[in-house]
A.B. asks: 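Pasting a structure here, questions to come.
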Amino acid sequence: GRQERNLRKSYLMTIRALANAVEARDICTAGHTDRVFRLARVIARKLGWDKERLGYLKTGCILHDIGKIGVPDAILNKPGELTAEERKTMEKHPELGMRILAGIPSLEPVLPYIISHHERYDGKGYPYGLQGEDIPVEGRLLAVVDTFDAILSNRPYRQGTDAEAAVAELLKNRWT
C-alpha cells in the first residue's frame, strides 16, 4: 500500500544521499551515477531484465562507487597519473563498498555491481582478477557503461570525447 511505497521512496532517497556524499567529494563524477543508470537501464531492458531486476540495477548503479568514500581526496581528485601506491588505494574501493553494505539483506542483490564493476573480461581487472563469464553479468554491464561514461567525461588530465569515439574505443577493447 501507500505506507510501503513511502518506505521504499525513503529507502531510495537514503541510498541517493549516500551516493551524493561520494559524488560531492569526487570532482569528476557529478551526475555520473545518474548517467550510468540511464544507459544501463536501456541495455538491461534489451537483455529482457524484469522490473525487480531493473530496481536492483538502479540501486547498484547508484551505489557502485560507494567505497570511494574511503579514498583520500588527494588520490580521488589528483590531476595527474596515480602512483602505484595510490592506484592500490583506489583499487580498494569495490571491497570497501562491499564492507560498507554487507549485512543489509535488502542490498544483497546489488553487491555484484559493487564488487565486480572493475573486473575485466581478460582477467586483468580488480579486485579478484575474474575473467569472462566468471564476472557476474551485473559487473560486466556496469563495467561497459561506466567506461563509456568515463570516456565521454572530462577529467583533470584529459578532455572527454564524443559518443561515436567512445563506442569505437569500446569496440576496440571489447575482449579486454
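In this chain, numbering begins with 1 at the start of the sequence shown. Note: hydrogens, waters and symmetry copies are ignored here, and every other heavy atom, side chains too, is used.
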A.B. asks: Could you check if a side-chain atom of V36 sits within less than 4.5 angstrom of a side-chain atom of F148, using non-hydrogen atoms only?
C.D. replies: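 Sidechains of F148 and V36: no contact.
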A.B. asks: Can you see which heavy atom on L96 is nearest to which on G70, and at what distance?
C.D. replies: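 Reported closest heavy-atom pair: CD2-CA, 3.4 Å.
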A.B. asks: Taking the side chain as every heavy atom from C-beta outward, state whether Y11 and I15 have any atom pair closer than 4.5 Å.
C.D. replies: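 Yes. Closest side-chain heavy atoms under 4.5 Å.
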A.B. asks: Where do G67 and I100 come nearest, in terms of heavy atoms and distance?
C.D. replies: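 That would be CA-CD1, 4.3 Å.
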A.B. asks: Is it true that a side-chain atom of K51 and a backbone atom of L54 form a donor plus acceptor pair closer than 3.5 Å?
C.D. replies: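 It does not hold such a pair.
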A.B. asks: Would you please test Y128 and E95 for side chain to side chain contact (heavy atoms under 4.5 Å, CB included) and show each step?
C.D. replies: CA-CA 10 Å; Y128 303 128; E95 290 167 297; 4.0 Å; yes
A.B. asks: Would you say D34 and R16 make side-chain contact, with heavy atoms under 4.5 Å?
C.D. replies: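 Yes, side chains in contact.
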A.B. asks: Looking only at atom types and distance, does a side-chain atom of S116 sit under 3.5 Å from a main-chain N or O of E119, one as donor and one as acceptor?
C.D. replies: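 Not a single qualifying donor-acceptor pair exists.
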A.B. asks: Do L142 and W175 sit in one hydrophobic cluster, given that two such residues count as connected whenever their side-chain heavy atoms are within less than 4.5 Å of each other, even indirectly?
C.D. replies: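 Different clusters: L142 never reaches W175 through Ile, Leu, Val, Met, Phe, Trp or Tyr contacts under 4.5 Å.
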A.B. asks: Rounded at 0.5 Å granularity, tell me how far CG in D149 sits from CZ in R35.
C.D. replies: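 Interatomic distance, D149 CG to R35 CZ, rounded to 0.5 Å: 4.0 Å.
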A.B. asks: Verify side chain to side chain contact (heavy atoms under 4.5 Å, CB included) between L171 and R174, making sure each step is shown before the conclusion.
C.D. replies: CA-CA 5 Å; L171 289 171; R174 73 176 134 216; 3.4 Å; yes
A.B. asks: Does R140 pair with E133 as a salt bridge, N-O distance under 4.0 Å?
C.D. replies: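 Answer for the salt bridge query: yes.
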A.B. asks: Could you state the interatomic distance from CG (L130) to OH (Y121), rounded to the nearest 0.5 Å?
C.D. replies: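 It comes to 12.5 Å.
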A.B. asks: Answer with yes or no whether the hydrophobic clustering places W49 together with V42; edges join I, L, V, M, F, W, Y residues whose side-chain heavy atoms lie under 4.5 Å apart.
C.D. replies: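 Looking at the clustering, V42 is in a separate group from W49.
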A.B. asks: Start with the C-alpha distance between T147 and N173, add both sets of side-chain angles, then the distance that settles side chain to side chain contact (heavy atoms under 4.5 Å, CB included), and finish with yes or no.
C.D. replies: CA-CA 11 Å; T147 301; N173 293 289; over 6 Å; no
A.B. asks: Between atom CG of N6 and atom CD of E4, what is the distance when rounded to the nearest 0.5 Å?
C.D. replies: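 Rounded to the nearest 0.5 Å, the CG-CD separation comes to 10.5 Å.
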A.B. asks: Looking at every heavy atom in both I75 and L82, which two are closest together, and how far apart are they?
C.D. replies: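 Looking at all heavy atoms of both residues, the closest pair is O-CD2, 3.7 Å.
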A.B. asks: About how many Å separate CD1 of I66 and CG of L101, when rounded to the nearest 0.5 Å?
C.D. replies: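 The CD1 atom of I66 is 6.5 Å from CG of L101, to the nearest 0.5 Å.
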A.B. asks: Do you reckon L107 sits in the same ILVMFWY cluster as L7, going by side-chain contacts under 4.5 Å, direct or chained?
C.D. replies: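 Unlinked, L107 and L7 end up in two clusters.
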A.B. asks: Spell out, yes or no, whether I62 and I104 are grouped together once hydrophobic residues are joined by side-chain heavy atoms under 4.5 Å, including indirect joins.
C.D. replies: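 In one cluster: yes.
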A.B. asks: Are I69 and H93 close enough, and set up right, to give a side chain to side chain contact (heavy atoms under 4.5 Å, CB included), and what steps lead you there?
C.D. replies: CA-CA 8 Å; I69 215 153; H93 82 268; over 6 Å; no
A.B. asks: Can you tell me how far apart CG (L18) and CG (D65) are? Round to the nearest 0.5 Å.
C.D. replies: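 Reported to 0.5 Å precision, the distance equals 13.0 Å.
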A.B. asks: Please give me the minimum heavy-atom distance between A166 and T161, naming the atom from each residue.
C.D. replies: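 Minimum heavy-atom separation between A166 and T161: N-CG2, 4.1 Å.
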A.B. asks: As an exercise, state the distance from CD of E86 to CG of L76, rounded to the nearest 0.5 Å.
C.D. replies: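 Interatomic distance, E86 CD to L76 CG, rounded to 0.5 Å: 11.5 Å.
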A.B. asks: Under a 4.5 Å cut-off applied to non-hydrogen side-chain atoms, are F37 and L57 in contact?
C.D. replies: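 Counting from C-beta outward, F37 and L57 do come under 4.5 Å.
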A.B. asks: Could you report the tightest heavy-atom contact between I114 and G60, atom names first, then the distance?
C.D. replies: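 Scanning both residues completely, I find the closest heavy atoms to be CD1-O, 4.4 Å.
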A.B. asks: Can the ring centroids of H118 and Y126 be said to lie less than 6.0 angstrom from one another?
C.D. replies: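 Ring centroids of H118 and Y126 are less than 6.0 Å from each other.
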A.B. asks: Taking side chain as C-beta onward, heavy atoms only, is I115 less than 4.5 Å from P94?
C.D. replies: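 With C-beta onward as the side chain, the pair touches.
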A.B. asks: Tell me if a side-chain donor or acceptor on E138 pairs with a main-chain N or O of V110 at a distance below 3.5 Å.
C.D. replies: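 The answer is no, because no donor-acceptor pair under 3.5 Å joins these two groups.
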A.B. asks: Using every non-hydrogen atom in the two residues, find where S106 and Y56 come nearest and quote the distance to one decimal.
C.D. replies: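 Heavy atoms of S106 and Y56 come nearest at O-CE2, 4.2 Å.
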A.B. asks: With a 4.5 Å cut-off on side-chain heavy atoms, are T59 and Y113 touching?
C.D. replies: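 Not in contact.
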